[in-house]
Structures are given as C-alpha cells and as structure tokens.
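Just the heavy atoms: all of them, side chains too, but no hydrogens, waters or symmetry mates, feed the values below.
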Amino acid sequence: MTIYNFYLFDRNRTCLYFTEWNRKKQLTMSKEEEFKLMYGMIFSIKSFVSRLSPYDMKEGFLNFSTNKYKLHFFETPSGLKFIMNTDLNAGSMKDVLQQIYSSFYVEYVVKNPLCGLDQPITSELFKNKLDEYIRSLAEFQPRQTS
C-alpha cells in the first residue's frame, strides 16, 4: 500500500499544510490551484453526501475511490479538514487522520505559541514528526510492481 499525499485545510479554505511522498504524476497547475480544486471537491462531495443520504449521517463523508487512488477525509468539529490520498489497497485511514490531528496538530501547532492557527504551518517539528509517523505506517511502503 502507498500513501501519496496529505492536505490540511482550515474552515476558511486555507491550505495550512501540504506534503507528498510517493506521488508519481506531477501536476501542471500551481499548488494554489490544486488547493482550490481539492477544497472545492471536498465541499461539493460533503454537500452531495449530506443531501442525498437516506440516513442521518453522524460521520458524513469518510472516503471515496477512483480506479487509481482512494481519498480519505476527516473533519474536526472546528472545521479542520484532513485529507490523504492512498492507493486502492489501503483500508480506512480514519484512525491515522485522527492521530495526525490529536498527536501532531494539537501538540506541535495548537500548543506552540509561535504558530498562528489561521496561518500555514511552518513548524519544522510538526513537519518532521508527521513525516516520521507516516513513514512508519505499513500503508506507507511503496507498492512493489513486478
């Protein structure tokens, strides 16, 4: 299984953090355009799911798959949106995204007086700890192709 990339948005559509690990295709658009496109897609999918669901959705939208990748989504009550793209073999990444929120975002951003909560994350400690955590996951290991 492979983890491709990770986005963190605030409730005001600002991409607070983005990183990629095993992304094969490089996009021709700017990062800002990519962030707008990703946020817009998440906004639309959440709206679609909540309006058309035959059930009262407590958790809402968690993930979706294409024929090439799986997008995983976790939103906090304060509106932070954690998004991770993986290959299709990855199971639910809900616990991983919740762990990123509680163990890395809260610890290295919220509790850091030098980090503005509405500003892109520049903390090297956050970046390094997140990277170390992701690389330690079984899902991170690049898929072997033969």
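- The shortest distance between side-chain heavy atoms of Ile121 and Tyr108 does not fall below 4.5 Å.
- Lys111 places no side-chain N or O within 3.5 Å of a backbone atom of Val109 that could act as its donor or acceptor partner.
- Side-chain N or O atoms of Ser102 include one that pairs as donor or acceptor with a backbone N or O of Gln98 at under 3.5 Å.
- Residues Ile100 and Tyr105 have side chains not in contact (no heavy-atom distance under 4.5 Å, counting atoms from C-beta outward).
- The closest side-chain heavy-atom distance from Met84 to Val96 is below 4.5 Å.
- Judged by distance alone, the side chain of Asn112 and the main-chain N or O of Leu114 form a donor-acceptor pair under 3.5 Å.
- Distance alone, capped at 3.5 Å, is enough to place a donor-acceptor pair between the Asp87 side chain and the Thr2 backbone.
- Within the 4.5 Å cutoff, the side chain of Phe9 has no heavy atoms near those of the Phe43 side chain.
- Side-chain contact between Arg135 and Trp21 is present, with at least one heavy-atom pair separated by less than 4.5 Å.
- Of the inter-residue distances, the one linking Ile45 atom CD1 with Asn63 atom CG reads 10.0 Å to the nearest 0.5 angstrom.
- Within the 4.5 Å cutoff, no side-chain heavy atoms of Phe35 are placed close to those of Met29.
- In this structure, Phe82 has its ring center no closer than 6.0 Å to that of Tyr7.
- Taking 4.0 Å as the cut-off between side-chain N and carboxylate O, Glu34 and Lys31 count as a salt-bridged pair.
- With hydrogens and angles left out, the side-chain atoms of His72 and Thr86 include a donor and acceptor closer than 3.5 Å.
- Ser92 places a side-chain N or O within donor-acceptor distance of the main-chain N or O of Lys94, the cut-off being under 3.5 Å.
- Salt bridge Lys127/Asp131: absent, no basic N to carboxylate O contact under 4.0 Å.
- Residues Thr19 and Ile134 have side chains not in contact (no heavy-atom distance under 4.5 Å, counting atoms from C-beta outward).
- Ion pair Lys129/Glu107 not flagged as a salt bridge, since none of the NZ, NE, NH1 or NH2 atoms sits closer than 4.0 Å to an Asp/Glu carboxylate oxygen.
- Looking only at side-chain heavy atoms (C-beta outward), Ile42 and Glu75 stay at 4.5 Å or farther from each other.
- Cluster annotation: Leu88 and Leu62 are assigned to distinct hydrophobic clusters (Ile/Leu/Val/Met/Phe/Trp/Tyr, side-chain heavy-atom contacts under 4.5 Å, transitive).
- Screening Tyr133, Phe126, Phe6 against Phe104 for a ring-ring contact (aromatic ring centres under 6.0 Å, His included) leaves a single residue, Tyr133.
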Lys81 and Tyr39: CA distance, side-chain angles, deciding distance, side chain to side chain contact (heavy atoms under 4.5 Å, CB included) verdict:
CA-CA 9 Å; Lys81 293 160 184 63; Tyr39 192 92; 3.6 Å; yes
